[in-house]
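Here is the structure we will look at.
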Protein chains: 2
Amino acid sequence: MKKMDKRELIITATCDLIAENGLQATPISMVAKEACCGAGTIYRYFETKEALIEDVYLTLMERFSDACLKDVDENASVREQLNTVWLNLYHYMREVPRDALLLDQLSVAPAIRGELQEQGKRRLKEKIDPLFARGREEGIIKDIPDDVLGVFVYGGISTLLRTDRNAPCAVPTEVTDDMLLSICWGAIEKRD
Amino acid sequence: MKKMDKRELIITATCDLIAENGLQATPISMVAKEACCGAGTIYRYFETKEALIEDVYLTLMERFSDACLKDVDENASVREQLNTVWLNLYHYMREVPRDALLLDQLSVAPAIRGELQEQGKRRLKEKIDPLFARGREEGIIKDIPDDVLGVFVYGGISTLLRTDRNAPCAVPTEVTDDMLLSICWGAIEKRD
DNA sequence: TAAATCGGAATGAACGTTCATTCTGATACT
DNA sequence: AGTATCAGAATGAACGTTCATTCCGATTTA
């Protein structure tokens, strides 16, 4: 019980520092200081720095999945459910830029290899893939593989937010929920 | 003149190594070996490693802009011109994964700060922004800021390719040009 | 030959990791 | 209860490695 506290303290400290300074600019010594412990202590909980980073990534993806799937009503229409997921994604990354930055940093880290990335995305995919399948059955989604459509929309939203973060002085355009959904659905919706 | 040869040799070597091994895994000594010169020589051409990285980034963005704007016919319709740009983008990143990987690495590098990023994208923006403006005048593009639409589509395409690169064992789905354009236009096209 | 250029060993700083030691608080003994 | 003993958690100085950068003797150029 007490021990888990310290473990999580280290993970939280690492999240904060990587989001703020970047991965290669957060030495273990800095994590130790932020977590109020000695450098050696970190190695009681994590075999190597790489293992720590992996744990940080999985923790992040857990939060991320929770946020995206919040309030998704399994009984609602495909359209409503996807709307919820996309708006969740958009608002989460906008309101918790720390996690969005962290994700950017970790997604090019050598420690995060293919298999781990799969594991991180699994929960999200398991929920969303069936939604696309249903949408296709109902004839409201383009005849293009789900992965292509889903990844395209995810990439669009996350890149939009990243660009906004990088240019804080640019037009502070308010992207409304309606605008966002119009773009997302336009991309995947089948039209006759 | 001769010096430029060596300078470019160093930049090319850096491109290759970063694309292959990642930024923090390519020490100057390795660049020197790849470029067949001593470590000291690199410092005759670049003040610091950071300056070298900046040059690599600008060189990359030049190639990238060239590729995207190739064969864009100023007299063609907005639709045709955007089609050309998007397909250029897609095919370039697919056929030259080295540059796509490099862009991923550099876009989170601390050396690539906001202003430099602006500079890298400038040429592309100067060509594409007027296209969107014309499209809006013609009433074929959504009433949503150009930046939002443009960045969304760019993000979608590049994320699609990145995902494909990361999971080489996944479905080797052939995304046809028609599919891609259907998605891109769906995202930005105004419908009545 | 004089000047410019080059190469790669040398340098020093920074980093991940280790380990001998200290601290803590629970248990056993008197 | 008070003291002694102990296990394992925590510590941070020290170590070896890696890296960017410098320096100087060798080499090319003019």
Side-chain angles (χ1 to χ4, degrees), chain A residues 1-60 102 105-106 108-113 116, chain B residues 1-60 102 105-106 108-113 116:
Chain A
M1 184 70 87
K2 293 179 215 162
K3 317 192 175 173
M4 271 308 139
D5 275 353
K6 179 138 282 191
R7 204 189 139 88
E8 278 169 22
L9 200 63
I10 293 169
I11 290 182
T12 303
T14 311
C15 286
D16 289 343
L17 291 171
I18 291 180
E20 190 158 352
N21 309 322
L23 177 53
Q24 78 273 34
T26 76
I28 287 286
S29 59
M30 198 181 289
V31 174
K33 195 179 294 179
E34 179 85 5
C36 300
C37 70
T41 306
I42 292 173
Y43 286 83
R44 297 196 61 75
Y45 295 95
F46 304 94
E47 198 133 338
T48 62
K49 188 188 187 185
E50 189 166 300
L52 167 60
I53 301 300
E54 288 176 10
D55 251 59
V56 164
Y57 175 73
L58 291 179
T59 304
L60 169 70
L102 190 52
Q105 290 289 327
L106 294 187
V108 300
I112 312 300
R113 295 239 64 66
L116 202 74
Chain B
M1 186 66 86
K2 291 182 216 160
K3 315 192 177 173
M4 271 308 139
D5 275 353
K6 181 142 283 194
R7 205 188 140 86
E8 279 170 22
L9 199 62
I10 292 169
I11 289 182
T12 303
T14 312
C15 285
D16 289 343
L17 290 172
I18 292 180
E20 189 157 353
N21 309 323
L23 177 54
Q24 77 275 33
T26 76
I28 287 286
S29 59
M30 200 181 286
V31 174
K33 194 179 294 178
E34 179 85 5
C36 299
C37 69
T41 306
I42 292 174
Y43 285 84
R44 299 198 62 74
Y45 295 95
F46 304 94
E47 198 134 337
T48 63
K49 186 187 187 185
E50 189 166 302
L52 166 60
I53 302 299
E54 288 177 10
D55 251 60
V56 164
Y57 175 72
L58 291 178
T59 305
L60 169 69
L102 190 52
Q105 290 290 325
L106 294 186
V108 300
I112 313 299
R113 296 240 62 67
L116 202 75

Atom CG of Asp5(B) and atom C1' of dT5(C) are separated, to the nearest Å, by 15 Å
To the nearest angstrom, the CD1-C1' distance between Ile10(B) and dT5(C) comes to 12 Å
Per the under-4.0 Å heavy-atom filter, residues of residues 23-34 of chain A near DNA chain C come out as Pro27(A), Ile28(A)
Rounded to the nearest 0.5 Å, the CD1 atom of Ile53(A) sits from the CD1 atom of Ile18(A) at a distance of 3.5 Å
Rounded to whole Å, NZ of Lys49(B) lies from P of dT18(D) at a distance of 15 Å
Closest of dG7(C), dT11(D), dT17(C) to the Thr41(B) side chain is dG7(C)
Which side-chain N or O atoms in residues 24-33 of chain B pair as donor and acceptor under 3.5 Å with protein atoms at least two apart or in another chain?
unit_1: Thr26(B); atom_1: OG1; unit_2: Leu23(B); atom_2: O; d: 3.4

note: Lys6(A), atom NZ; dA10(D), atom C1'; distance rounded to Å ~ 7 Å
d(Leu52(B) CG, Lys49(B) NZ) to nearest 0.5 Å is 8.0 Å
Validation row: Ile42(A), Thr14(A) side chains within 4.5 angstrom (heavy atoms): no
Atom CD of Glu47(A) and atom P of dG16(C) are separated, to the nearest Å, by 16 Å
Considering only heavy side-chain atoms of Arg44(A), the closest of dA10(D), dG7(C), dT5(C) is dA10(D)
Rounded to the nearest 0.5 Å, the CD atom of Gln105(B) sits from the SG atom of Cys15(B) at a distance of 12.0 Å
Rounded to whole Å, CD of Glu50(A) lies from P of dC15(C) at a distance of 18 Å
Quick note, Tyr43(A) side chain, CB onward, closest among dT21(D), dT11(D), dT17(C) is dT17(C)
Problem - N/O (side chain, Tyr45(A)) to phosphate O (OP1/OP2, dA10(D)) under 4.0 Å - result: yes
Sub-4.5 Å side-chain heavy-atom contact between Ile11(B) and Phe46(B) | yes
